[in-house]
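In what follows, every heavy atom counts, from backbone to side chain, and hydrogens, waters and symmetry copies are set aside.
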Amino acid sequence: MNDIGYQSITAPGSLKAYDEAQREFGRLDWKDVVQPAIDYARDGYAVRPHVAYWWSIRDQMGRAPNPDRIAFTPDGRELYCQADGTPKEVGARVRNPGLARTLTRIAEDGAATFYEGEIAEEIARDMAANGALLSIEDLKSYRTRRLDPLRGSYRGFDIATNNPPGGGIMLLEMLNILENFDLTDLGHNSSDYIRIVCEAMKRATCDKDNHVGDPNFFDVPVARLTYKAYAGGLADAIKAGERATVERFGAPEPKDTTHISVIDDAGNAVSMTHSLGMPSGVISPGLGFMYNGCMGVFDPRPGRADSIAPGKGRFSSICPTIVFRNGTPTLVIGAPGGTQIAMGVLQAILNVINFDMSIVEAVSAPRFSSTSNPIDVTNRISRHATRPLEDMGYEIVRSPFTYGIGAVHGIRIDDGRWTGGADPGHDGMALEV
């Protein structure tokens with residue numbers, strides 16, 4: 001019940017954040033900002049390959065199958081399914097007049113209507129009628145949180161990323177560990193490179209599981225986990241051949257997420273990742289949008305860093321990041337990809353800094369990950385690299401897909417010249433306007 005349906009829903013906060021950011025920093029009228037989304041909802045769009053693939057996934061490691069998720073409510077079945085109840089296929093049109101009406105009201109009345117106005121009342125009635133945990137009081141009391149970025153450094157570059165309960169702390173810890181190795185000399189995606197990076201991933205995952213939650217509810221040792229000397233000790237253990245053991249509990253964080261990286265000629269740079277966690281499957285009649293299912297990401301065990309509590313933010317691997325050199329942005333980067341987001345962003349940053357790849361090369365290169373004891377590799381990772389690891393006793397799990405482990409999107413800036421890259425395994429794009 002915490003994975004699909006009404007009791008999987010937590011307070012949705014993204015719209016309030018967009019509204020506040022636009023009012024304080026935007027130059028366009030709010031209506032102009034919302035209008036393109038209204039047009040897409042009203043006029044429709046074609047189902048893209050990665051969307052169709054995601055809708056079709058049945059094996060979710062214990063979670064509800066995605067075809068059941070998109071068809072959970074009558075509105076979902078109408079929007080996303082064919083007449084026989086199966087998901088729409090690539091190229092089919094999705095028109096969403098309910099969402100167009102909802103967005104039109106938001107364009108006219110601002111985000112306030114969603115949190116305390118007419119839309120809020122419609123949400124609350126549907127929630128109450130179906131035994132949800134979300135109430136109108138939750139919507140009215142929701143507040144965004146504003147923090148200075150979490151900062152670190154790697155090989156002369158300065159890193160700005162997100163705070164706990166986000167994945168930025170994992171990214172910085174991994175970079176700090178890997179700063180103790182000559183990764184360039186090891187060779188990109190060589191056996192030793194994969195082993196060392198994966199051992200850094202496992203150690204950061206252990207620390208996340210044990211120590212990273214919402215700082216308003218749990219004392220997160222940020223200073224220690226981002227301390228260079230602490231990372232040096234972990235690096236020494238890797239050099240000594242010690243292997244970390246990662247205990248997994250339940251299914252990994254799901255992947256229903258998107259990301260944008262933006263830079264403009266005024267010098268503004270934004271890295272933003274938006275996620276529903278795993279979507280709940282719930283669409284309130286006539287409103288057109290699917291609620292998050294973020295209750296499913298909390299740890300159901302009490303007394304843990306990410307245990308459930310009222311008003312608490314859940315851990316997410318998202319790590320929107322900006323990399324600076326001499327105070328100037330040189331990389332604006334982030335990714336969707338659930339548990340694998342920080343792992344994908346890490347490798348793209350290493351690809352740029354250690355191997356001087358273009359941003360297209362950096363986000364397209366084959367990736368690997370270890371968020372539990374096995375090493376997961378995409379199918380373009382050479383078997384020449386993985387066989388020695390198997391000989392050492394590592395379990396290698398080879399994906400049949402050529403892309404995966406996050407879907408990194410970024411912009412590289414060199415002497416004022418911008419280049420963009422979108423992971424070719426998903427449906428994103430790089431666009432200059």
Salt bridge check: are [X] and [Y] linked by an N-O gap of less than 4.0 Å?
X	Y	value
D299	R314	no
R69	D3	yes
D29	K31	no

What's the verdict on side chain to side chain donor-acceptor pair (under 3.5 Å) for Y6 and D126, showing C-alpha distance, side-chain angles and the deciding distance?
CA-CA 9 Å; Y6 281 85; D126 187 43; 2.9 Å; yes
Is the closest side-chain heavy-atom distance between [X] and [Y] below 4.5 Å?
X	Y	result
L178	N354	no
I349	L171	yes
E89	V47	no
I411	I359	no
N2	F298	no
N379	R398	yes
M201	Q347	yes
L350	H188	no

Under 3.5 Å, is there a donor on one side chain and an acceptor on the other for [X] and [Y]?
X	Y	result
Y227	N176	no
Y230	D207	yes
H259	T257	no

Apply side-chain contact (heavy atoms from CB on, under 4.5 Å) to A244 and list each qualifying residue two or more places apart in sequence or on a separate chain.
E199, K202, R203
Show the numbers, then the answer: is there a side chain to side chain contact (heavy atoms under 4.5 Å, CB included) between N163 and V220?
CA-CA 10 Å; N163 284 270; V220 182; over 6 Å; no
About how many Å separate [atom2] of [Y] and [atom1] of [X], when rounded to the nearest 0.5 Å?
X	Y	atom1	atom2	result
E122	R105	CD	CZ	4.0 Å
I159	T161	CD1	OG1	8.5 Å
E121	T113	CD	OG1	8.5 Å
I238	I196	CD1	CD1	7.5 Å
I106	L15	CD1	CG	5.0 Å
I4	D68	CD1	CG	6.0 Å

Heavy atoms only: give me the nearest [X]-[Y] pair and the separation to one decimal.
X	Y	answer
L389	I396	CB-CD1, 4.1 Å
L150	P164	CD2-CD, 4.5 Å
R145	G311	NH2-O, 3.6 Å
V90	P49	CG2-CA, 3.8 Å
P300	I308	CA-CD1, 4.3 Å
N373	T245	OD1-CA, 3.3 Å

Tell me if the [atom1] atom of [X] is crowded by more than 12 foreign heavy atoms within 6.0 Å.
X	atom1	result
D148	CG	no
Q82	CD	yes
F181	CZ	yes
E361	CD	yes
M392	CE	yes

Donor-acceptor contact present, side-chain [X] to main-chain [Y], <3.5 Å:
X	Y	result
K88	L79	yes
S370	P374	yes
T402	R380	no
S153	D158	no
R151	A160	no
S372	V246	no
T86	D84	no
Q22	L28	yes
N292	G277	no
S317	A342	yes

Step-by-step side chain to side chain contact (heavy atoms under 4.5 Å, CB included) determination, Y45 to V94
CA-CA 6 Å; Y45 57 88; V94 175; 3.5 Å; yes
Taking it one step at a time, do C319 and I341 satisfy side chain to side chain contact (heavy atoms under 4.5 Å, CB included)?
CA-CA 7 Å; C319 54; I341 290 174; 4.0 Å; yes
Hey, can you tell me if F114 and F289 have their rings parallel, tilted or perpendicular (30° and 60° cut-offs)?
tilted
Does R243 make a cation-pi contact with Y394 (under 6.0 Å, within 45 degrees of the axis)?
yes
Ring-face cation contact, Y115 with K16, 6.0 Å cut, 45° max:
yes
Pick out which of N351, T378, N189, D423 makes a side-chain hydrogen bond (donor to acceptor under 3.5 Å, both in side chains) with R367.
D423
Run V212 and L225 through side chain to side chain contact (heavy atoms under 4.5 Å, CB included) and show every step you take.
CA-CA 10 Å; V212 181; L225 296 182; 4.1 Å; yes
Are F401 and Y53 an aromatic pair, judged by ring center distance below 6.0 Å?
yes
Between S284 and Y291, does the side chain to side chain donor-acceptor pair (under 3.5 Å) criterion hold? Intermediate values first, please.
CA-CA 9 Å; S284 291; Y291 297 92; 2.7 Å; yes
